[in-house]
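Structure first, then comments.
First the proteins, then the strands, lettered A, B, ... as listed; each starts at 1. In this text the structure is predicted, and so the values were computed from the model without any measurement.
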There are 2 protein chains.
Amino acid sequence: MDQAAEAIADPIRRAILRMVRDERLTAGEIAARFAVSRPAVSRHLRVLRESGLVTDDLSGRHRYYSLNPEGLAELHRWLTALMTPAGWEQRLDALETEVHRARRDNRDNRDNRETA
Amino acid sequence: MDQAAEAIADPIRRAILRMVRDERLTAGEIAARFAVSRPAVSRHLRVLRESGLVTDDLSGRHRYYSLNPEGLAELHRWLTALMTPAGWEQRLDALETEVHRARRDNRDNRDNRETA
DNA sequence: TGAACGCGTAACCTATGGGTTACGCTTTAC
DNA sequence: GTAAAGCGTAACCCATAGGTTACGCGTTCA
């Protein structure tokens with residue numbers, strides 16, 4: 001979890017994670033969306049790889065990156081435990097709502113794609 | 001959220017957050033539990049304060065710190081959204097289980113305290 | 001009232017994280 | 001088979017995060 005917490009501390013790495021959440025992208029495609037140089041992005045990608053937050057997939061001279069949700073699980077659990085101290089049971093209700101909202105968002109996005 | 005993500009990147013600050021989750025502690029009590037100097041801890045506390053992750057409460061010459069769960073909410077939502085990409089609906093079930101476990105843990109701890 | 005306590009801040013040092021340019025390796029394309 | 005594309009790595013530079021010691025200010029207590 002330590003590695004994950006460190007990895008998401010950088011704004012560029014957080015942006016990369018959001019990029020590869022729903023579609024796999026090559027290193028070049030990712031780098032093109034940032035103002036910093038390609039090698040800089042390449043090192044960010046290495047940090048994300050080594051902390052288990054993304055997976056990479058070689059295909060010829062391209063390397064495809066995609067999010068690895070499992071890599072975020074431990075940190076997420078840590079945060080959940082931290083956010084629910086003794087005597088704050090109403091916070092658990094809020095978290096439940098959060099999950100429900102995520103479920104609904106996913107459903108809506110799927111429907112929009114299908115009707116587009 | 002950027003500030004929260006940066007704040008939890010440091011292992012000492014993560015340890016502090018866990019310490020003050022269920023009980024308020026003075027700066028001195030917190031510092032005593034670490035190998036680093038008291039001023040170093042004091043600055044970690046400042047980072048946590050300024051990022052809204054803890055609240056402080058002056059009382060005479062003591063300053064009590066306690067966790068502010070709200071400060072973690074935005075980062076937690078960000079992680080939740082990231083962990084549930086399109087087509088991974090089963091992950092939402094896992095998150096729901098996570099909340100249920102937190103609820104149960106809280107209940108168990110409360111009961112243990114009462115019967116102790 | 002003065003000594004000790006609790007805590008934060010200032011000044012300083014060092015390690016390191018993130019940036020750049022230069023380079024090399026493998027794969028595609030002509 | 002040679003040129004170009006796609007990536008990663010090495011070497012280097014600089015800003016800054018995190019550590020230390022020294023210090024100052026308010027609060028307690030004898």
B/D57 CG to C/dG6 C1', straight-line distance once rounded to whole Å: 15 Å
Within the 4.5 Å heavy-atom criterion, are B/W78 and A/R18 side-chain neighbours or not? yes
Out of D/dG18, C/dG8, C/dT20, whichever nucleotide has its closest atom nearest the side chain of B/R38: C/dG8
Atom pair distance, as rounded to whole Å: NE2 in B/H62 and C1' in D/dG26: 12 Å
State which of D/dT9, C/dA29, C/dT20 makes the closest approach to the side chain of A/R46. D/dT9
Is B/E89 salt-bridged to A/R107, going by a charged N under 4.0 Å from an acidic O? no
For the side chain of B/S51 and the backbone of B/V47, is there at least one donor-acceptor N/O pair under 3.5 Å apart? yes
Per atom distances to the B/P39 side chain, the nearest of C/dG17, D/dT20, D/dT27 is D/dT20
Rounding to a whole Å, what distance do you find between A/R63:CZ and D/dG6:C1'? 11 Å
The side chain of B/R43 lies closest to which of these nucleotides: C/dG18, C/dA11, D/dT28? C/dA11
Taking for A/I12 and for B/A27 the nucleotide of DNA chain C with the nearest heavy atom, the one nearer the 5' end belongs to B/A27
If I take atom CD in residue A/E6 and atom P in nucleotide D/dG18, what distance separates them, rounded to the nearest angstrom? 10 Å
NZ/NE/NH1/NH2 to OD/OE distance under 4.0 Å, A/R103 and B/D93: yes
Under 4.0 Å from OP1 or OP2 of C/dC7: is there any side-chain N or O of B/T26 that close? yes
Is any side-chain N or O of A/Y65 closer than 4.0 Å to OP1 or OP2 of D/dC7? no
Comparing nearest nucleotides in DNA chain D, the 5'-proximal residue of the pair A/L45, B/A35 is A/L45
Distance below 4.0 Å between A/S37 side-chain N/O and C/dT20 OP1 or OP2: yes
Between C/dG8 (C1') and B/L58 (CG): distance, integer Å: 11 Å
hbond_proxy B/R61 side chain to C/dC5 base (donor-acceptor, 3.5 Å cutoff): yes
Could you check how far CZ of A/R24 sits from P of D/dG6, rounded to whole Å? 16 Å
Please report the distance, rounded to the nearest Å, between CG in A/D56 and P in D/dG8. 8 Å
Show the nearest heavy-atom pair for residues B/L58 and B/R63, with the distance to one decimal. CD1-NE, 3.3 Å
When you measure from the side chain of B/H44, which nucleotide among D/dG18, C/dT9, C/dT21 comes out closest? D/dG18
Expressed in angstrom and rounded to an integer, what is the separation of A/D10 atom CG from C/dG19 atom C1'? 11 Å
